[in-house]
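Side chains are part of it too, since the values below use all heavy atoms of this structure and drop only hydrogens, waters and symmetry mates. Each chain gets a letter, A, B and so on, in the order the sequences are listed, and its residues count up from 1.
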There are 2 protein chains.
Amino acid sequence: MAPKILDEHSLQAREQEIIDAALALIAREGVANVTMDKVVAKVSYSKGTVYKHFTGKEDLLLAIGNQAITIMLDLFFRASQYPGCARERMLLINFSYLFYAILHPALFMSAMCSKSPNVYEKSTIKRVQEQEHLEMKLMGIFFNLIEEAIADKSFTLPPDMDMQQICFANWSLGYGVISLLADEVESCSGRTGLVVERELFNQNNIFLDGLRWGPLSHEKDYKAGLKEALEQVFGEELARMKALGRELNF
Amino acid sequence: MAPKILDEHSLQAREQEIIDAALALIAREGVANVTMDKVVAKVSYSKGTVYKHFTGKEDLLLAIGNQAITIMLDLFFRASQYPGCARERMLLINFSYLFYAILHPALFMSAMCSKSPNVYEKSTIKRVQEQEHLEMKLMGIFFNLIEEAIADKSFTLPPDMDMQQICFANWSLGYGVISLLADEVESCSGRTGLVVERELFNQNNIFLDGLRWGPLSHEKDYKAGLKEALEQVFGEELARMKALGRELNF
DNA sequence: ACCTGAACACCGTTCAAGT
DNA sequence: ACCTGAACACCGTTCAAGT
């Protein structure tokens, strides 16, 4: 038999098959309970082939993390293109982050787990660099938005903070709220009475009011504006959430 | 030989020895690289005995997480007793959270890893309940502080938020900032120019200003007040940090 | 050139045998 | 009553043998 020469395309398709198999397992059993054996059993290739694509378990996890960022990038970009004021779009981006967490719980968990020195150490340099590149693009969306707001005078930087710090502050807000309420994102238990979309909305207003980013929350009905924007930009995502029995409740 | 009867005290001492051994290993190699074998090798008891105390690896991790909360509880309580205004003390509590993350990186990492369904599922009910109890006490400190502020009129609840939501918002702020900058908490690399103590200070001001919690940041010099309070309440912790070559820099 | 799966080292957990 | 460590099932990774 003539030796096979694999083209880039089929190699990438195979890589995606492995990632998808891992994601399905993660969704069912959680990141910690997934083994390479189980992944191999789910794909049409052998162990050796899987290890040809990923140098190990951590490298696979990082690849999944990168896929997560790619999906977020799409959501964030769409949100940033909405024809509303800058502050409105900032809120919309943060809500798109929530959609990602709700609609892709396995990706969300994987991305969180992949952000650890242990994973980076054991991964390919190539994939670590890919993550850095993707994160730069993500940051770029925020930077552009903040720059626009500064340009149209709805926001001015506080004297002791630069754009990167504002960007980080907004990011850590969404991250804190969504990751801490992530268990409730899936289950409807609601043991404590905290509703993630409500807290995200309120904290966003408090934060942006604190920054004096106009229009302030008492000057504009951001709740109505957000509902409108969600319908328009994330209609498909809302429908998928409704199908999962998870409707936004604020 | 007469059969031994173990008293509660020596049992607890042994449990602590195992926890300490695990923490030392976690500090050196990270949570993911610690094995039960390594822990057993470090203590003066056998595998079977270790498994008498902890039903498994996850149960041990949760025990460490509970110890972490206990230490935080002490720091938070001390901060809450400082004779300053309520807003000042809120800031001080958030900084005590940062101290905990810097001075006890192994505990901090373990506590983060222990907050996962996978860990709870595989742990003793007893230890899960202990964690819930400790977290209630932690919340209590925040609740008391917020109540005081409401009582002395420096703060009024927004119409659409209750105390639990304010409490959670403050918690998620500290969690977001500190956990995202945790790698920089240890290493001095500072690749991006974000300094965790500076971001924590700024975001606290923005958040509390946004809540209209008085005195507002332009009405009072919180930086000077914080420095004073830190010297007074956390002098020992500051000294230990200085010994580690980690001085606060805002 | 590419794929396979047996083989190996290691890890978490148990429990029969000891004192 | 309590402790031990050999034994077992399982997991991550490698690589000699195949096509």
For the pair made of [atom1] in [X] and [atom2] in [N], what is the distance, rounded to whole Å?
{"X": "B:Lys38", "N": "C:dG12", "atom1": "NZ", "atom2": "P", "result": "9 Å"}
{"X": "B:Met36", "N": "D:dG5", "atom1": "CE", "atom2": "P", "result": "16 Å"}
{"X": "B:Asn33", "N": "D:dG12", "atom1": "CG", "atom2": "C1'", "result": "13 Å"}
{"X": "B:Asp37", "N": "D:dA9", "atom1": "CG", "atom2": "P", "result": "18 Å"}
{"X": "A:Asp7", "N": "C:dA1", "atom1": "CG", "atom2": "P", "result": "16 Å"}
{"X": "A:Leu25", "N": "D:dG12", "atom1": "CG", "atom2": "C1'", "result": "16 Å"}
{"X": "B:Lys122", "N": "C:dG12", "atom1": "NZ", "atom2": "P", "result": "11 Å"}

**Study point:** Evaluation steps, salt bridge (charged side-chain N to carboxylate O under 4.0 Å, His left out), between A:Lys42 and A:Glu29
**Key:** CA-CA 14 Å; A:Lys42 250 184 127 35; A:Glu29 332 192 14; over 6 Å; no
Check your understanding: Could you give the distance from CG (A:Asn66) to OG (A:Ser114), rounded to the nearest 0.5 Å?
Key -> 7.0 Å
Point to revise | Residue among A:Glu58, A:Glu15, A:Glu132 satisfying salt bridge (Lys or Arg N to Asp or Glu O under 4.0 Å) with A:Arg127 | key: A:Glu15
Exercise for review: Determine whether the aromatic ring centres of B:Phe142 and B:Phe76 lie less than 6.0 Å apart.
Suggested key: yes
Exercise for review: In sequence, state the C-alpha distance, the side-chain angles, and the governing distance for B:Gln203 and A:Leu173, and then conclude on side-chain contact (heavy atoms from CB on, under 4.5 Å).
Suggested key: CA-CA 9 Å; B:Gln203 290 192 39; A:Leu173 187 153; 5.8 Å; no
Practice item. Check B:Phe108 against B:Ser179 and note the closest heavy-atom contact, atom names and distance. Key: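 Nearest heavy atoms, B:Phe108 then B:Ser179: CZ-CA, 4.1 Å.
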**Study point:** Helical stems, DNA chain D - three or more consecutive Watson-Crick or G-U wobble pairs below 3.5 Å
**Key:** C:4-8 with D:12-16, C:12-16 with D:4-8
Practice item. Check whether any side-chain nitrogen or oxygen of B:Arg14 sits under 4.0 Å from OP1 or OP2 of D:dC3, and answer yes or no. Key: yes
Check your understanding: Given D:dT4, is OP1 or OP2 found less than 4.0 Å from the side-chain N or O atoms of B:Thr49?
Key ->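 Result: yes.
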Review point. Mind checking whether A:Phe95 and A:Phe99 have parallel, tilted or perpendicular rings, split at 30° and 60°?
Key: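 Perpendicular.
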Exercise for review: Could you tell me whether A:Arg246 and A:Glu197 have a side-chain N and a carboxylate O separated by less than 4.0 Å?
Suggested key: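 Between A:Glu197 and A:Arg246 there is a salt bridge, with a charged N closer than 4.0 Å to a carboxylate O.
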**Study point:** Proximity to DNA chain C (any heavy atom under 4.0 Å), residues of residues 51-61 of chain B only
**Key:** B:Tyr51, B:Gly56, B:Lys57
**Study point:** Trace of the salt bridge (charged side-chain N to carboxylate O under 4.0 Å, His left out) decision for B:Glu135 with B:Lys115
**Key:** CA-CA 12 Å; B:Glu135 278 183 348; B:Lys115 293 222 102 267; 3.5 Å; yes
Point to revise | Base D:dT13 paired with A:Lys47 side chain (donor-acceptor, <3.5 Å) | key: yes
